[in-house]
Amino acid sequence: MPAVFDGMKLAAVVAAALYVIVRCLNLKSPTASPDLIYQDNPLTRFLVKSCPLLTKEYIPPLIWGKSGHIQTALYGKMGRVSSPNPYGLRKYLTMPDGATATFDLFEPLAEHCTGDSITMVICPGIANHSEKQYIRTFVDHAQKNGYRCAVLNHLGALPNIELTSPRMFTYGCTWEFGGMVNYIKKTYPQTRLIVVGFSLGGNIVCKFLGEAVVNQERVLCCASVCQGYSASRAQETFLQWDQCRRFYNFLMADNMKKIILSHRHALFGDARMNRIFEDSVISRLYTATSLMQIDDTIMRKFHGYETLKEYYEAESCVRYLQNIHVPLMLVNAVDDPLVHDSLLSIPKTLAAKNENVMVVLPLHGGHLGFFEGAVLFPEPLTWMDKLLVQYSNAICHWEKNKPHCSDAESVESDQK
């Protein structure tokens with residue numbers, strides 16, 4: 001009898017372990033094509049027809065790819081698999097306040113499919129830069145498809161570049177990105193632009209385009225991946241333990257503290273900043289455990305905002321999105337543990353009102369993961385990398401042959 005009971009206990013433990021594994025890895029979740037939200041018009045019909053990934057089933061690695069947490073963790077820790085090392089030239093721009101903005105410029109490795117000069121202007125995620133593996137992988141793929149790439153290095157993010165003014169990047173400051181775009185426009189007067197933003201970079205590029213109509217000149221389209229749209233709405237969800245967001249909040253805050261403290265002499269050294277950032281303020285930075293505490297203690301003061309609410313409302317792109325008139329693709333994974341489901345109502349509502357907007361919602365992918373692969377090992381290129389280039393190619397073809405494409409789509413619609 002004791003042996004029977006031992007066997008039952010072992011079976012129960014194994015069953016419980018399997019149940020936990022299935023739940024944690026989300027193995028019962030189906031694979032599917034992305035959910036698309038858009039208005040039916042010639043452009044969106046052309047995009048759906050020209051971008052197979054929009055209607056094709058996204059299949060993540062079988063064992064772990066359906067877990068948004070693992071996809072996010074692998075992106076955060078590993079970046080990408082077998083990441084290439086594209087060669088680029090670092091450019092330096094002096095900003096009006098004395099800050100030195102930097103970006104890396106990568107020339108195309110092939111002729112573009114339209115034969116035109118097309119430049120992708122890319123804004124990475126929070127505290128990221130051109131040396132991050134996911135950026136290098138995407139740039140290499142874009143170069144091989146005929147795109148010149150300009151990648152912003154967030155102010156203060158590169159460890160070997162000293163700050164030259166008491167300011168670093170913030171959630172929605174568009175000054176450095178705007179400086180990079182203006183440089184590209186002046187240096188390459190014939191080039192057209194494709195704007196790409198990842199996570200926090202998505203907020204910056206959308207805000208930049210919506211701030212002024214002139215910012216959309218020579219822009220073919222914009223693509224944003226995994227952004228949260230509204231900092232004021234997101235801050236509440238970042239304090240919740242649901243989907244471990246409070247834990248992610250702590251990890252990102254810890255990284256931000258390290259970056260700020262690595263530049264403490266440049267940020268807090270002069271007399272004016274000493275008056276703003278007293279010793280008690282710096283002490284609160286050391287004990288901060290969330291991005292909101294850091295934003296309230298340090299970040300909002302770089303631009304003189306009186307309150308955290310004012311800072312978040314002013315620096316979020318949500319109030320600028322309706323001003324964007326170029327084609328806009330907004331991509332968010334449904335299982336992204338950093339972006340709460342409630343925030344996805346913002347792009348959905350926008351797409352319902354604006355015919356230039358397409359919202360793409362794959363079931364899986366986590367936060368900037370989107371790995372593909374058969375069972376265990378992911379492929380070097382992700383679904384996200386392929387989609388962005390595929391979408392860009394389609395937009396370029398549409399713009400080059402707009403009358404022809406529009407007529408063809410109209411005929412096809414009439415036949416239906």
Side-chain angles (χ1 to χ4, degrees), residues 93-102 123 125-127 152-157 161-182 197 199-212 214-215 227-236 238 249 252-253 255-288 290-321 323:
L93 301 174
T94 302
M95 307 304 292
D97 66 344
T100 302
T102 69
C123 192
I126 183 171
L152 181 70
N153 300 311
H154 284 301
L155 201 61
I161 301 293
E162 295 290 333
L163 294 177
T164 57
S165 75
R167 178 174 67 84
M168 60 181 290
F169 78 91
T170 58
Y171 178 67
C173 179
T174 61
W175 297 351
E176 289 76 47
F177 185 76
M180 179 179 76
V181 169
N182 289 335
S199 192
L200 172 140
N203 178 74
I204 289 176
V205 301
C206 288
K207 181 171 176 282
F208 170 76
L209 291 177
E211 283 176 336
V214 68
N215 292 346
Q227 69 151 308
Y229 306 99
S230 171
S232 56
R233 288 174 59 174
Q235 67 165 328
E236 300 171 5
F238 259 112
N249 189 357
M252 290 189 289
N255 186 50
M256 279 298 299
K257 276 197 292 188
K258 291 176 181 176
I259 295 174
I260 293 171
L261 292 172
S262 72
H263 295 291
R264 58 183 174 272
H265 296 300
L267 293 174
F268 314 128
D270 68 18
R272 183 179 69 87
M273 300 309 285
N274 263 329
R275 288 194 296 271
I276 299 174
F277 298 105
E278 301 172 349
D279 290 342
S280 59
V281 172
I282 307 302
S283 297
R284 287 200 298 273
L285 171 64
Y286 278 101
T287 58
S290 72
L291 287 175
M292 284 68 73
Q293 290 173 325
I294 293 175
D295 288 341
D296 193 26
T297 304
I298 302 293
M299 308 306 283
R300 69 174 175 82
K301 297 178 181 179
F302 288 140
H303 293 279
Y305 293 108
E306 292 295 326
T307 64
L308 186 63
K309 181 176 184 292
E310 180 188 359
Y311 169 66
Y312 281 160
E313 289 180 352
E315 301 238 330
S316 295
C317 73
V318 62
R319 64 193 186 109
Y320 295 96
L321 290 171
N323 300 333

Going from CZ on F238 to CG on L291, what distance comes out if it is rounded to the nearest 0.5 angstrom?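 So the gap between those two atoms works out to 6.5 Å.
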Does the side chain of L155 come within less than 4.5 Å of W175's, by heavy atoms?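 No, their side chains stay 4.5 Å or more apart.
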Using a 3.5 Å distance criterion without hydrogens, assess whether the side chain of D97 forms a donor-acceptor pair with backbone atoms of P166.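 It does not hold such a pair.
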N323 side chain to G210 backbone, donor-acceptor under 3.5 Å: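 Yes, N323 side chain to G210 backbone: donor-acceptor pair under 3.5 Å.
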Working to the nearest 0.5 angstrom, can you tell me the gap between H154 NE2 and T102 OG1?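 Going from the NE2 atom of H154 to the OG1 atom of T102 covers 10.5 Å.
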Ignoring hydrogens, what is the shortest heavy-atom contact between S199 and Q227? Give both atom names and the distance.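 Smallest heavy-atom distance, with atoms named: O-CB, 3.2 Å.
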Could you state the interatomic distance from OG1 (T170) to CG (L200), rounded to the nearest 0.5 Å?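 Between T170 OG1 and L200 CG, I get 8.0 Å after rounding to 0.5 Å.
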Ring pair (Phe, Tyr, Trp, His ring centres under 6.0 Å) involving Y229 - partner list, sequence neighbours excluded: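 Result, ring pair (Phe, Tyr, Trp, His ring centres under 6.0 Å) vs Y229: none returned.
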Is there a donor-acceptor contact under 3.5 Å from the side chain of T100 to the main chain of T94?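 No; judged by distance alone, with no hydrogens or angles, the pair does not exist.
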For the atom pair CG (L152) and CE (M180), what is the distance rounded to the nearest 0.5 Å?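 Between L152 CG and M180 CE, I get 5.0 Å after rounding to 0.5 Å.
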Are I260 and M299 packed together at the side-chain level, in the sense that at least one heavy-atom pair is separated by less than 4.5 angstrom?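 In contact.
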Minimum heavy-atom separation for R319 to A314, with atom names?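 The pair with the smallest heavy-atom distance is NH2-CA, 3.7 Å.
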Using side-chain contact (heavy atoms from CB on, under 4.5 Å) as the criterion, list what pairs up with E236, not counting sequence neighbours.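 Here no residue qualifies.
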Quick check: does any side chain N or O of T164 sit under 3.5 Å from a backbone N or O of G98, one acting as donor and the other as acceptor?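 Yes; judged by distance alone, with no hydrogens or angles, the pair exists.
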Going through the checks in order, is the side chain to side chain contact (heavy atoms under 4.5 Å, CB included) test met by F169 and I204? CA-CA 11 Å; F169 78 91; I204 289 176; over 6 Å; no
V205 and C123: which non-hydrogen atoms are nearest, and at how many Å?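 The answer is CG1-CB, 3.6 Å.
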Return yes if some donor-acceptor pair links the side-chain N/O of N203 with the main-chain N/O of C317 below 3.5 Å, else return no.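 Pair found, side chain donor or acceptor close to backbone of C317.
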For Y312 and Y171, take the angle between the two ring planes, folded into 0 to 90°, and tell me which bin it lands in: parallel under 30, tilted 30 to 60, perpendicular over 60.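 If you compare the ring of Y312 with that of Y171, the planes turn out perpendicular.
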Please round to the nearest 0.5 Å and tell me the distance separating atom CD of E211 and atom SG of C206.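 The CD atom of E211 sits 11.0 Å away from the SG atom of C206.
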Distance from K207 atom NZ to Y320 atom OH, nearest 0.5 Å?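 Those atoms lie 4.5 Å apart.
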For R300, which residues count as a side-chain contact (heavy atoms from CB on, under 4.5 Å) partner, sequence neighbours excluded?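 R300 satisfies side-chain contact (heavy atoms from CB on, under 4.5 Å) with D296, Y305, Y311 once adjacent residues are dropped.
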Of all heavy-atom pairs between A231 and S316, which one has the smallest distance, and what is that distance?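 Closest pair (atom of A231, atom of S316, distance): N-OG, 2.9 Å.
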Apply side chain to side chain contact (heavy atoms under 4.5 Å, CB included) to residues C173 and H303 and explain how you reach the verdict. CA-CA 9 Å; C173 179; H303 293 279; 3.7 Å; yes
Would you sort out whether N153 and I161 count as a side chain to side chain contact (heavy atoms under 4.5 Å, CB included), showing the intermediate values? CA-CA 10 Å; N153 300 311; I161 301 293; over 6 Å; no
T307 side chain to E310 main-chain N or O, any donor-acceptor pair under 3.5 Å?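 Yes.
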Below 4.5 Å, heavy atoms only, C-beta onward: do I298 and F268 meet side chain to side chain?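 With C-beta onward as the side chain, the pair touches.
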What verdict does the side chain to side chain contact (heavy atoms under 4.5 Å, CB included) test give for N215 and V181, after you've listed the backbone C-alpha separation in whole Å, the side-chain angles of each residue and the deciding distance to 0.1 Å? CA-CA 9 Å; N215 292 346; V181 169; over 6 Å; no
Can you tell if the side chain of R284 reaches within under 4.5 Å of the side chain of Q293, non-hydrogen atoms only?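 A side-chain contact under 4.5 Å is absent here.
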For A127 against M256, the heavy-atom pair lying closest together: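 Here A127 and M256 meet closest at CB-SD, 4.5 Å.
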State whether the side chain of H263 and the backbone N or O of M168 hold a donor-acceptor pair below 3.5 Å, judged by distance alone.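 Here the side-chain-to-backbone pair does not exist.
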Check this for me, if you would: do E313 and R233 make a salt bridge, where the nitrogen-to-carboxylate-oxygen distance has to be below 4.0 angstrom?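 No, E313 and R233 are not salt-bridged.
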Output yes when a side-chain donor or acceptor of K257 lies under 3.5 Å from a complementary backbone atom of A288, and no otherwise.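 Yes.
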Would you name the heavy atoms of R264 and L261 that are closest together and state the gap between them?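 R264 and L261 have their closest heavy atoms at NH1-O, 2.6 Å.
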Does the pair E306 and K301 meet the rule for a salt bridge (charged side-chain N to carboxylate O under 4.0 Å, His left out), with working shown? CA-CA 8 Å; E306 292 295 326; K301 297 178 181 179; over 6 Å; no
